[in-house]
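Quick note on labels: first sequence line is chain A, next is B, and so on, each numbered from 1.
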Amino acid sequence: MPGGLALIRTAEDLRTFLGTLKEAPFIALDTETTGLDPHRDRLLLVQVGTHDRQGLIDAQKVGKELVVMIGALDKPIVMHHAKFDLKMLATLGERKTLARLLVSDTMLSEQLLHNGRKAGIVAQGFGLAALADRYAGMGLDKSVREGFTQVVSADELTEVELRYAARDVEATYKIFASQMPLLRAEGLLKAAAIEGAASWGFAEMELAGMPIDAAAWKLLVEEADRERAEAKRHLDRLFRDVLSFDLFGAGDLNYDSDQEVEAALKKLGVKVEGTRREVLEATGHPAALAVVAYREHQKIVSTYGRRFLEHIHPTTRRIHTSFKALGAITGRASSSEPNLQNIPATSRFRACFRAPPGRLLITADYAGAELRILAEVSGDPVFVRTFEEGGDLHSIVASRIFQKPVSKNEHADLRARAKAINFGLAYGMGAQGLASQIGSPLDEAEWLLDRYFKAFPSIRGYLERSAHEALRIGFAATLSGRKHWFQDLAQSGADEGTKLRVAKNMPIQGTNADMTKLAMARIARALAEGEVDAALVNMVHDEIVVEAAATAAERAREIVETEMVSAGHEFIRRVPVVVDTHVGEAWQK
DNA sequence: ATCTGTGGCGCG
DNA sequence: AAAGCGCGCCACAGAT
């Protein structure tokens, strides 16, 4: 590093340093912090540079001006796990600049390159050190940078620590330089661009968190707990002949143990294999049904109870989930600690996510996203025309299959059957699956599927053709070019049928992920550029939630809808893209 | 005491 | 129980 390891402490010095990067095609960036929580921990160092020149910026001394100046370079900024660095950079302010950065991410790029062919690299993983070794033959000692928790100023960092901080930037630069031709060769540049652009969106969601009415939530859990206890007493009565009771009259059967439940049911003369809800319901036995009822309440108490509320952040009083941008093999994101993508939809739990006074939540979701994607990729004329005309696809499909007029009011039962087929076929569902889904005999389900595919030959044609082609070439892809290689799946011993179903589903589910992630990126940028008092707060696969000041809510809603539609049309060109929005105090479908 | 795999179930 | 795809969390069960 020219000039040794001197820290850049002023905007003027930073300007001088950045001037030396004029010729670089892109800039690598990394940060050193006192911890992982942007609401509690501090940014110490921001390192920027290339393979042969790195600058170490004292983040607290230079302040938000460093973000402005890096943004003004107008070059792609490459980070390893950009979401984290962006969240820490945001502690300086300048979110508007961060939302506009052209971000690339070496970690996500590597995941895209190995999606479904992790075998052989899984031991090293996707950490910076692993990639530095893989691409640049560089050894990075992460342990040097593990403990800055006691550090209060960049001045305290030792020479060794600063040298490693600079090496991380050098490595990141070299890694991306090597990844780029690979991404290009695999047709993954667009997918990588979406991931990079969305990383600020995920950062914004994690930073903002979801507002929650903890008291209301607690009441719902307590109610479920009472109902659970009542359900248990009921169970004890039903099972009284096959269990023993303690002094307090409580039975010794553990209803959370599937083994014990199965054995106890057997003693009552109810033979089941497994204790899944459908199995228990199929018996029609009161004791089996009582177990189902108990489980319903138990699920609420265990999954959405005390531990869930422990995720409320001590300072923001909000729920800050953690997103994995590439959480699913299809390209979907996942959410954890807590998972905000599996909050009960029909219950009152979603209503507990309430914006604070003076603010509102905008809930926006793609209407029939997967079926529109299927219309796009198959080109089925009926599907395409129905969406063009704004018709009800399930009704149209039912009318075709059953040869009689069907609507939401007329022959609604037939519409429900068509709906089950429509959703199931995107996953490669067979007659047996359909039979159990709609509760009809196997031969009837077979007849239905047959009628369906006769009415829509291009749907079957597309699904069969694309799935077999995917297996032949070794991967399935979305409309952005995102790939799922079948190497790991094959190695796991999956049979032909499983592979075909996965291949059918990937382009549909994955293109939906492409759309939603691109929309997130565009919404975050448009809100920032328009200086709208609003932020992304959650996403659930085909749905985006934004919190806005009440005075800005209508403008934010318009931006959300416009950007979701435009992002959808990047991939869906044959049929309209429709987004339903809802504005209110609470999160609502 | 802690880890890992499994069954079950919440969501799209 | 699953020949319907993708997740994460819970409790249990069996292991270390």
Heavy atoms under 4.0 Å, any strand shown: does [X] hit a base, just sugar-phosphate, or nothing?
| X | answer |
| --- | --- |
| Ile329(A) | sugar-phosphate |
| Asn512(A) | nothing |
| Val502(A) | sugar-phosphate |
| Ile343(A) | sugar-phosphate |
| Glu278(A) | base |
| Ser436(A) | base |
| Gly433(A) | sugar-phosphate |
| Lys324(A) | sugar-phosphate |
| Glu296(A) | nothing |
| Tyr304(A) | sugar-phosphate |

Handout entry: 5'-most by nearest nucleotide on DNA chain C - Thr330(A) or Val279(A)
Key = Val279(A)

Completion exercise
Assert: residue with more 5' nearest nucleotide on DNA chain C, out of Gln298(A) and Glu262(A), is Glu262(A)

Problem - Polar side-chain contact Asn339(A)-dG8(C) base: donor and acceptor under 3.5 Å - result: no

Exercise for the section: Would you state whether a donor and an acceptor, one from the side chain of Gln341(A) and one from the base of dC11(B), lie under 3.5 Å apart? Expected result: no

Practice task
Report yes or no: does Arg372(A) contribute a side-chain atom to a donor-acceptor pair with the main-chain N or O of Pro576(A) at less than 3.5 Å?
Solution key: yes

Handout entry: Short side-chain to backbone donor-acceptor contact, Asp542(A) and Ala369(A), under 3.5 Å
Key = no

Nearest to the side chain of [X], heavy atoms from C-beta on, is which of [options]?
| X | options | value |
| --- | --- | --- |
| Ala328(A) | dG12(B), dC10(C), dC7(C) | dC7(C) |
| Asp256(A) | dC12(C), dG12(B), dG10(B) | dC12(C) |
| Asp542(A) | dC9(B), dC5(C), dG12(B) | dG12(B) |
| Ser302(A) | dC10(C), dG12(B), dG7(B) | dC10(C) |
| Arg277(A) | dC5(C), dC9(B), dG8(C) | dC9(B) |
| Thr303(A) | dC10(C), dG8(B), dC5(C) | dC10(C) |

Exercise for the section: Could you tell me whether Arg573(A) and Glu376(A) make a salt bridge, using a distance below 4.0 angstrom between a side-chain N and a carboxylate O? Expected result: no

Quick check on [N]: is either OP1 or OP2 less than 4.0 Å from any side-chain nitrogen or oxygen of [X]?
| X | N | value |
| --- | --- | --- |
| Arg332(A) | dG6(C) | no |
| Ser335(A) | dC7(C) | no |
| Arg307(A) | dC9(C) | no |
| Ser334(A) | dG8(C) | yes |
| Gln259(A) | dA13(C) | yes |
| Arg276(A) | dG10(B) | no |
| Thr275(A) | dG8(B) | yes |

Could you state the [atom1]-[atom2] distance from [X] to [N], rounded to the nearest angstrom?
| X | N | atom1 | atom2 | answer |
| --- | --- | --- | --- | --- |
| Trp217(A) | dG10(B) | CH2 | P | 14 Å |
| Asn254(A) | dG7(B) | CG | C1' | 14 Å |
| Arg350(A) | dC11(B) | CZ | P | 8 Å |
| Asn115(A) | dC7(C) | CG | C1' | 14 Å |
| Lys299(A) | dG8(C) | NZ | C1' | 9 Å |
| Leu442(A) | dA3(C) | CG | C1' | 11 Å |
| Asn422(A) | dG12(B) | CG | P | 18 Å |
| Phe423(A) | dG6(C) | CZ | P | 18 Å |

Exercise for the section: Would you confirm whether the ring centroid of His320(A) sits within less than 6.0 angstrom of the ring centroid of His39(A)? Expected result: yes

Using 30° and 60° as the class limits, which term best fits the ring planes of [X] and [Y]: parallel, tilted or perpendicular?
| X | Y | answer |
| --- | --- | --- |
| Phe402(A) | Trp447(A) | tilted |
| Tyr304(A) | Phe349(A) | tilted |
| Tyr452(A) | Phe456(A) | tilted |

Exercise for the section: Determine the Euclidean distance between corresponding P atoms of dA3(C) and dG5(B); express it in Å to zero decimal places. Expected result: 22 Å

Problem - Over 12 non-hydrogen atoms of neighbours within 6.0 angstrom of CD in Glu585(A) - result: no

